[in-house]
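This is a predicted model, so every value here is computed, not measured. Note on naming: letters A, B, ... go to the chains in the order of the sequence lines (proteins, then strands), and numbering restarts at 1 for each one.
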Amino acid sequence: MLYIKCPYCGLRAQKEFSYGGDATVKRPNINEEVSTEDWDNFVYMRKSPRGKHVELWQHIAGCRQWIKVQRDTATHEIFQTAKVTEEIR
Amino acid sequence: MSQPFRLNKEGLINRNKKISFTFNGKKLFGYEGDTIASALIANGIHLVGRSFKYHRPRGFFGAGVEEPNAKLQVEFNGHSEPNVNATEMELVEGLSATSQNCWPSVNFDIGAINNFLKMFFPAGFYYKTFMWPKSFWYKIYEPFIRKAAGLGVASIEKDKERYEHKFEYCDLLVTGSGPSGLSSAYAAAKNGAKVILAEDKPRFGGTLLTDDVSIDNLSGKDWAEKIISELKSMPNVTVKNRSQVFGYYDHNMLVMFERVSDHLEKKSKFTPRQRLWYIRAKETILSTGSIERPIVFGNNDTPGIFLSAAAKEYMKVYGVLVGKKPLIFTNNDSAYETALEFKKNNVEPIILDTREEHSSELIDEAKSKGIDIRFSHGVIVANGYKKVKSAKIGKLNKDKNSFEKIETVECDCICVSGFWTPSVHLASQSGNKLKYEEKIDAFIPDKKKQHETSVGAANGSFTLEESLKNGFENGSNLSAKITDTKTEIAIPNVNEKKYGAHDKFWCMPLPKNENPKRFVDFQNDVSVSDIEIALREGYRSIEHVKRYTTLGMATDQGRTSNLNGLQLVSNIENKIVPEVGHTTFRPPFTPITIGTIVGREVGMEYLPTRKTPMHEWHEKNNAVFVDAGAWKRPRYYKEGNETLFEASKREAKNVRENVGICDVTTLGKIDIKGPDAAEFLNRVYTNAWMKLPIGKARYGLMLREDGIVMDDGTTTRISENHYHMTTTTAQAANVLSHLEYYLQIVWPELNVNVVSTTEQWAGAAIAGPKSRDMLSKLYPDLDVSNEALPFMGYKEAEFFGVPSRIFRISFSGELAYEINVKSDHGMFMWEKMMEVGKEFGNQPYGTEALSTLRIEMGHVAGPELDGRTIPSDVSLNGLVSKKKDFIGKNSLGREAFNVESRQKIVGLIPIDRKSSIPEGSHIVQDQNAKLPNPKLGHVSSSCWSVENNNPFSLAIMKDGKNMIGKKFFAVSPLKNKSIEVEVISSHYVDPEGKRVRS
Ligand SMILES: [Zn+2]
């Protein structure tokens, strides 16, 4: 079970969190034209990298904040966590 | 009754307490502190089971977790447990053990015929034979294999025991209390670290209990006792015996299995049987020791053949002789200690040493005591079927591939030692890539992957001095980093015997024309020839050889067989062992009970139960409940002998004719506040929200970004910047997360806050043509006319002195209202409604009637919004704004969503107006068509229309409304039904929606 450092609450067990996918995906702006290709990329296309991956988790049984977690998808090593408003290197 | 193999004095058992037990019906006794194995051996019993494939007689081989054979069905403390390791299970009064995998008895087992037909059971036998003919698989092969493959029998009784889970955090977890574990724990404890020391066995000390050593002039056992009692007195240390750390998971989380009370005769009601510990450790010391490996020889599975260290443990810990005429067969010095122990107890052993004549401290001692030592010798084949009677031994030639001399010697046990294998399972589970250490012919941990540090024998250091030094240093250094304290500890003086080098010898050759079975893996009956076949048939990777032969795949995880198997493959393939590689270790290290994994999460404790404030009333009034997530909702209120069908029909009809009330507390409720709340709702919902006036509700539809409907519900504007959103019961948690995602990540610039208020409000719906009359009685001072409180209107008013919210919304399609009060007032509200409603014919209605009402109105719910439908599929395209952007809008233009023949919602009625259509039925053109019969759609919701008094269903069907008027068949192979149906509009009752506005 992973041990995830919530930037608000500190180290907590994985079972307090729910997974939210790739954190680098940016939603096209609301009320702006978007090409079909860009939209499809946003909705469907995800990389499945082996290695470092910045992803979203929500501290669902804690502060309910969405956070960023930089994790190695192969080893589960977590390098860094951050608030969603913060950048990960 | 005497125990013929019990020594008079030796051992750590309590001879003052006799314990009686039975084995295969025979009454026996042992002492407190015995295992089932030691007590049986003391009674001269060695035949305890039959092997897995050939049903060969099997006895004990080890004295602990390494045991491959002695798995028993054990009944004790009122339960029956299969596959219990006889070498680990402690004796408890009244215990009754029976052999497994044998019929009719362990002495006469019909399955043993497999042993004589063994040419039919080589490696891969099942794969090859049972492939043909295909039709035989289900009826003949599979049942036969199942029967033959059984180990013990799981109980079908309910497990009455209590199992617990515990979460713990520590600075240092030490796994094993041998010399290296004790010294690590001690050093860390002295540095002030929070330490957990876990020992699998009942007694602490590991090899210190059996090795002839001294530390600071104390015997190993006394030193261990001294350290343990000091550790136990320290507040920062937890010391646990009967506790095995069996799994090393991510981020330094280890899981430990504690056998709390199986050894106790009496215990309190609340003492758990077993406990699972989840331990998050900052650092871990792996002091799991090593396991002796055997040398492979003919019929090496005959009862009476032991690992030599196990034989020594039986003498020193249990005061039991495994035999009185022992042969010691070894390639190293450690078995000499077993021989000396026999000698000390006046038993004359013969030592067969595969090494050429040489000298070492132990060999010299054995010689000086007059022990018969034969160098360059080994056991070729053991004789005896149910017990060793003699052995054919041979003098090896120089190359050790044939014999110079062969003779037969009498013996009643053979103690074998092929050197030591470090227990690296935890290190491997942690992700450590292990490396091959040629000096000891075994794998040891390589570079650290997590915070694991292997010490002592688990790291390949087999001397006491090294293990202690290793332990003290690592325990001290690792903990000092955490506590910032370093206490100097003098490393004690050690007195131990020096071992000479071992012989890299692991399998006895066979003389010409002799072909006895030579087992590598006892538990799965894998022999040398099986591995040879696998390689001959082209299996190269060790993982493939393992799966084809099942080598190391039994419950003992190949503890005594893996390395010998690897050696065999490496010899045949002419590769060195590290090139062959090793298979992966996986948790759990030893079998653990399902009960422990489940813990207290059984029955009512499996999930929290959510009850509405009116739950007690429902209970008292014969409600039959249904689970809605964790909620309990009344499905119907039973009157007399009513069935579900009759009750729900009565309740629904009463809503259509009079008035009914329904507990709607479980609906998700979300409070939305902030100056940008309207803008946020406008983006979340498909319809327009910027102009909703204060005091008005609106029905809203929300999509996922892929255009699929996510949820629906009403949202009410309570005040300028305050909205009250409702969601379906099922989607409440998801919708909240969804809203939080957009507010926190996508549009953080919006000044809006959301919070769940589901449990803060109790809700009751009042529905039916007489609901307004009833409402006016409930709020005598309030104008509830259609003008003052129109459809989708909202008011706040006192409900008999209690603040309340009134929403004029409807799920049933009737004139209806929903009243919310604070949860604490829920019961008050409900009882008042029942009282006031009497004169209007009010009756409570449950979810079944609620479904009926919404289905015949054509209102979609969960079964239609099933994660596959877009708004136009369920006739909700009127709610999709063309003017503004919203979540998922861009996806609605996708080609597949706009195909004319796309499946859309319709209504169905049976032609006979009688037959109910099962939900999930497929709609087909021709009920007799050849399979696969082309599917045109499926039935999503079915009810008995109370308005029209005949069955009615909603369906999602190809071409949707274009099919209206046509006839099809709804077929349900599950219910074995085929019903002719006609397609009609999905709005079966009040299609114009006049009633809700009346
Ligand atoms: Zn948090």
Side-chain angles (χ1 to χ4, degrees), chain A residues 1-5 7-8 10-45 55-61 63-69 71-78 82-86, chain B residues 165 167-169 247-255 278-282 430-433 449-451 679-680 682-684 703-708 733-734 736-750 753-756 883-895:
Chain A
M1 188 159 55
L2 307 189
Y3 209 25
I4 301 171
K5 188 176 177 182
Y8 303 92
L11 276 166
R12 298 299 182 96
Q14 181 188 343
K15 57 156 83 179
E16 292 186 16
F17 295 84
S18 71
Y19 183 69
D22 191 342
T24 61
V25 174
K26 198 184 170 306
R27 189 191 190 280
N29 286 338
I30 193 114
N31 296 320
E32 273 177 29
E33 273 294 312
V34 52
S35 71
T36 306
E37 198 189 343
D38 285 352
W39 182 257
D40 288 351
N41 280 339
F42 157 66
V43 175
Y44 295 104
M45 306 306 278
E55 54 205 14
L56 293 169
W57 289 74
Q58 189 182 14
H59 194 188
I60 204 137
C63 62
R64 295 206 62 89
Q65 294 299 306
W66 286 88
I67 62 170
K68 283 182 186 167
V69 176
R71 181 181 65 106
D72 188 308
T73 56
T75 66
H76 290 316
E77 186 177 351
I78 291 176
K83 299 176 181 177
V84 283
T85 49
E86 294 169 348
Chain B
H165 286 183
F167 293 80
E168 197 49 88
Y169 298 80
Y248 201 134
Y249 296 88
D250 293 309
H251 296 183
N252 246 39
M253 194 187 75
L254 292 99
V255 182
Y278 294 91
I279 303 172
R280 191 77 73 169
K282 288 190 183 134
S430 82
N432 193 306
K433 293 283 180 230
K449 203 74 192 183
Q450 298 197 34
H451 291 273
E679 172 64 26
F680 180 54
N682 209 43
R683 296 180 186 186
V684 165
L703 309 185
R704 313 190 307 216
E705 292 285 19
D706 63 0
I708 301 289
N734 292 344
L736 182 64
S737 255
H738 178 76
L739 301 182
E740 286 165 337
Y741 173 86
Y742 283 93
L743 286 174
Q744 292 175 27
I745 295 170
V746 186
W747 305 310
E749 69 278 7
L750 292 183
N753 264 302
V754 293
V755 68
S756 166
K883 289 182 197 137
K884 58 141 195 175
D885 197 4
F886 53 84
I887 292 170
K889 181 173 191 177
N890 282 307
S891 292
L892 293 179
R894 292 177 65 84
E895 204 180 314

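Residue A:T36 holds its OG1 atom at 11.0 Å from CD of B:E895, rounded to the nearest 0.5 Å. In this structure, CZ on A:R64 lies 9.0 Å from CD on B:Q744, to the nearest 0.5 angstrom. Rounding to the nearest 0.5 angstrom, the gap separating the CD atom in A:E32 from the CG atom in B:N890 is 11.0 Å. Annotation: the span from B:L736 atom CG to A:Q58 atom CD amounts to 7.5 Å, rounded to 0.5 Å. Note that OG1 of A:T75 is 6.5 Å distant from NZ of B:K449, once rounded to the nearest 0.5 Å. Atom-to-atom distance recorded for B:Y249:OH and A:L2:CG is 13.5 Å, nearest 0.5 angstrom.
Contacts between A:W66 and chain B at a heavy-atom distance below 4.5 Å involve backbone atoms as well as side-chain atoms. Heavy-atom distances place no part of A:A23 under 4.5 Å from chain B, backbone and side chain included. For B:R704, no part lies under 4.5 angstrom from a heavy atom of chain A. Of the two parts of A:I78, the backbone and the side chain both hold a non-hydrogen atom closer than 4.5 Å to a non-hydrogen atom of chain B. Contacts of B:F167 with chain A are made by side-chain atoms alone, with heavy-atom separations under 4.5 Å and no backbone atom involved. Interface residue A:Q65: backbone and side-chain heavy atoms are both found under 4.5 Å from chain B.
Comparing A:I30, A:V84, A:D40, A:N31 by how many heavy-atom pairs each has under 4.5 Å with chain B, the most go to A:I30. The candidate with the highest count of non-hydrogen atom pairs below 4.5 Å against chain A, out of B:G888, B:A733, B:G707, B:S891, is B:S891. Most heavy-atom pairs under 4.5 Å with chain B: of the set A:R27, A:Q14, A:H76, this distinction falls to A:R27. Contact tally against chain A (heavy-atom pairs below 4.5 Å) for B:R280, B:R894, B:E705: the top residue is B:R280. Contact count against chain A (heavy-atom pairs under 4.5 Å) is highest for B:D885 among B:V255, B:D885, B:V746.
Under the 4.5 Å side-chain criterion, counting only non-hydrogen atoms from C-beta, A:L56 is in contact with B:Y741.
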